[in-house]
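Step one of this worksheet: look at the structure below.
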Amino acid sequence: MSEHLDCVIIGAGFSGLAMLAHLREAGLQCVVVDRQDGVGGTWRANRYPGVRTDSDYPIYSFSFSPEVRDEWRWTQRYAPGAEVLAYLEFVTDRLDLRRDMRFGMDLQRAEFRDGTWHLTFADGSIVSCRYLISCMGILDQPIWPNVPGLDTFEGILLHSMQWPSEGVDLRGKRVGLIGLGSSGLQILPAIAPECAEVYVFQRQPNYVVDSTFFPVSDEEMELTRRDYDRIWERAKAHPFGVDMVVPDHGAMDVDDDERRRIFESKWQEGGHHFANETFHDLATDPAASEAASDFIRSKIREIVTDPVTAALLCPTDYSFNGKRVPTGHRYYETYNRPNVHLVDVKSVPIARVTRDSIVIGDSAYPLDVLICATGFDAMTGPLTRIDIVGRHGVTLREKWADGIRTNLGISVHGFPNFFMSIGPQTPYSNLPVPIQLGAQWVTRAIQFADQHGIQLEATPESEEWWAAEVDAAGRKTVMYEEGLKAKAWFFGANVPGKPRELLVYMGGGQKYQELCRAAEADGYRSFRA
Ligand code: NAP
């Protein structure tokens, strides 16, 4: 393949679909390329048992297409991964996007020369375009645990992100699980009933807000469809991009009994409800965050029958919001099963993996299967793994070696006509909201550039301004101190050797959208280097 296009969009997940739909509507000739064999992005890659959203279905979908809104039927509040993937397939077909999509296209290099982006793919294809748009998501680079001997394991070795699409038969197997972030804690309850034994190797416990399953009735679906514009507006106005109203009281404004009653009232509803609908300051006041931590620790002790296991599951090194808050589904209850064994690998770390076991101190745990739910090189990883070369011959990897610089997480100085959907330094949020709004913003920006015959590229001043804003906004939240303690991915602290810096904007999605609108109203001056 060798051709010239207006726009190439890298990635066929939520971002790529929204971007293609909007740019095509604006009359641009676009192609989406993806290294996987179909649409879905993260939802095609992550097919591990138990995978599901932790955002309610109305806000984990697009608002821009009336056809999709009216015709798609969600079945559960927190949709299983297969259902989200089916939704994205549905969007693709309903909006006739597939004709402009190419799969199995692994981008190796993108270089800006003579006013054009030149792309080279692993299969030798060459494509050129005027606009290059990254829609690669934030988590496409898996990381494996840095444990000696991992490659000598002769059983089945799996990463949560690379689960075989045909599934894995775990019946009667001895399974080890490393990693208890959002992925691992979804996997555990899903696999435990079929495994002979599950050994959970825990380094740091997480604050898991457990939720019951909520099926979506026909009546509720109909109400959601009817109210959708209002739901979307509320999500746009919320700092975290969710359809929730920020409470007017702080956790310390009420007495202990009332605080507990309010926490309890949201405990069954999932992480975002607990984090956003109980008190307004769980992300900003350390005392409020600690109160939430205390409440969750008390729930753990209430649910988990073995006191030693319960104590190990209670985080003590960082407080609530130090990591992205996950939603579990009978996570803590699973530790009451006789075949589930929690192994502390913080006080005595994993020594090595052998061909058939994990060794910790003097004990060897024999395993048939080892699952690593050990996370990602988040935000920057998808962009720095490819040679994206700007007009000075510098790669993004090199440009960001001493610190991330972008204007609003959208554009980078030295990389003309290159845009990022949910790039580094964009909001810490439920993602479909900034994804859709971002696609609309980029489409208008490209129309403006074409009308005025200019190229768009962040100014150096805008990059310094935005880096300072991202840092200042982060420091006002408990995510800053607690995230560093928890070695959270949003600091890059989970990747050995990665510089510690905030990878996301913590100032709120609504504030961020305001800033994007202001840049647009200003004739994109901060994007006209
Ligand atoms: P993660 O949150 O980065 O968690 C990785 C886990 O692996 C942590 O528990 C970490 O322990 C552990 N780990 C890493 N190396 C280890 C080692 N050598 N020994 C022992 N433990 C080790 O990754 P994730 O669970 O894949 O989630 C990443 C993000 O993906 C989430 O925050 C969320 O944004 C997204 N996600 C969302 C959903 C959803 O919406 N439903 C589902 C899955 C993922 P330490 O804490 O000790 O470092």
Side-chain angles (χ1 to χ4, degrees), residues 14 41-43 45-57 59-60 76-81 83-84 137-150 159-163 176-188 190 199-209 211 240 242 270-272 313 315 317-318 321-329 331 343-353 358 360 370-379 381 422 428-432 479 482-496 498 503-504:
F14 265 93
T42 197
W43 295 100
N46 285 275
R47 301 189 195 220
Y48 58 77
V51 60
R52 60 175 65 236
T53 64
D54 59 7
S55 295
D56 302 43
Y57 72 90
I59 46 141
Y60 208 78
Q76 292 177 40
R77 177 195 259 188
Y78 299 114
E83 189 165 321
V84 182
I138 65 171
L139 304 165
D140 86 339
Q141 277 297 89
I143 46 178
W144 291 85
N146 188 9
V147 178
L150 192 64
H159 191 284
S160 54
M161 189 204 157
Q162 293 167 341
W163 208 270
L177 173 63
I178 304 178
L180 293 169
S182 303
S183 305
L185 62 89
Q186 289 186 330
I187 291 173
L188 179 64
Y199 296 96
V200 182
F201 301 104
Q202 173 186 274
R203 196 165 59 183
Q204 247 186 145
N206 214 326
Y207 291 100
V208 184
V209 181
S211 170
F240 200 67
V242 289
H272 296 328
L313 286 169
D317 291 346
Y318 67 98
N321 267 322
K323 284 179 176 260
R324 188 179 176 282
V325 179
T327 292
H329 296 273
Y331 172 68
V343 183
D344 173 19
V345 299
K346 188 178 164 211
S347 40
V348 185
I350 299 171
R352 63 187 177 280
V353 176
I358 278 194
I360 292 154
L370 176 55
I371 301 170
C372 299
T374 39
F376 302 86
D377 180 356
M379 305 299 297
I422 51 169
Y428 189 56
S429 170
N430 164 52
L431 291 177
M479 279 79 105
E482 301 306 317
L484 281 172
K485 288 185 207 160
K487 300 194 174 65
W489 63 254
F490 55 70
F491 260 113
N494 62 327
V495 182
K498 191 167 176 173
L503 302 174
V504 288

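Start at 1 and go down the list; that is how both ligands and their atoms are numbered. For the numbers below, each heavy atom of this structure counts, side chains included, while hydrogens, waters and symmetry mates do not. Along the sequence shown, residues carry numbers from 1.
- In the candidate list P142, G322, G375, G375 is nearest to atom 3 (O) of ligand 1, counting heavy atoms.
- Under a 4.0 Å criterion applied to the non-hydrogen atoms of K323, ligand 1 contributes the atoms 46 (O).
- Taking any N or O of S160, backbone or side chain, none lies under 3.5 Å from an N or O belonging to ligand 1.
- Within the listing of ligand 1, atoms 41 (N) sit less than 4.0 angstrom from a heavy atom of T53.
- At under 3.5 Å, a nitrogen or oxygen of S183, whether backbone or side chain, sits near a nitrogen or oxygen of ligand 1.
- Between Y318 and Y207, the ring center distance clears the sub-6.0 Å criterion.
- Any N or O atom pair closer than 3.5 Å counts here, and Q186 shares at least one such pair with ligand 1.
- The option with the heavy atom closest to atom 6 (C) of ligand 1, from among A373, A488, A486, is A373.
- Shown in contact with L180 at under 4.0 Å from a heavy atom are these atoms of ligand 1, numbered in order with element: 6 (C), 8 (C), 9 (O).
- Using a 4.0 Å cut-off to heavy atoms of G181, the atoms of ligand 1 that qualify are 2 (O), 4 (O), 6 (C), 9 (O), 25 (O).
- Within ligand 1, counting atoms from 1 as listed, the ones closer than 4.0 Å to a heavy atom of R324 are 32 (O), 33 (C), 34 (O).
- Atom numbering of ligand 1 starts at 1 in the shown order; those under 4.0 Å from a heavy atom of L139 are 29 (C), 30 (O), 35 (C).
- The contact set between ligand 1 and S182, taken as ligand atoms under 4.0 Å from a residue heavy atom, comprises 25 (O), 27 (O), 31 (C), 32 (O), 33 (C), 36 (N), 37 (C), 38 (C), 42 (C), 43 (C), 44 (C).
- Looking at residues two or more places apart in sequence or on another chain, you find a ring-ring contact (aromatic ring centres under 6.0 Å, His included) between F491 and Y480.
- Distances between N or O atoms of Y48 and those of ligand 1 include no value under 3.5 Å.
- Residue R203 holds the heavy atom nearest to atom 11 (O) of ligand 1 of all those in M161, R52, R203.
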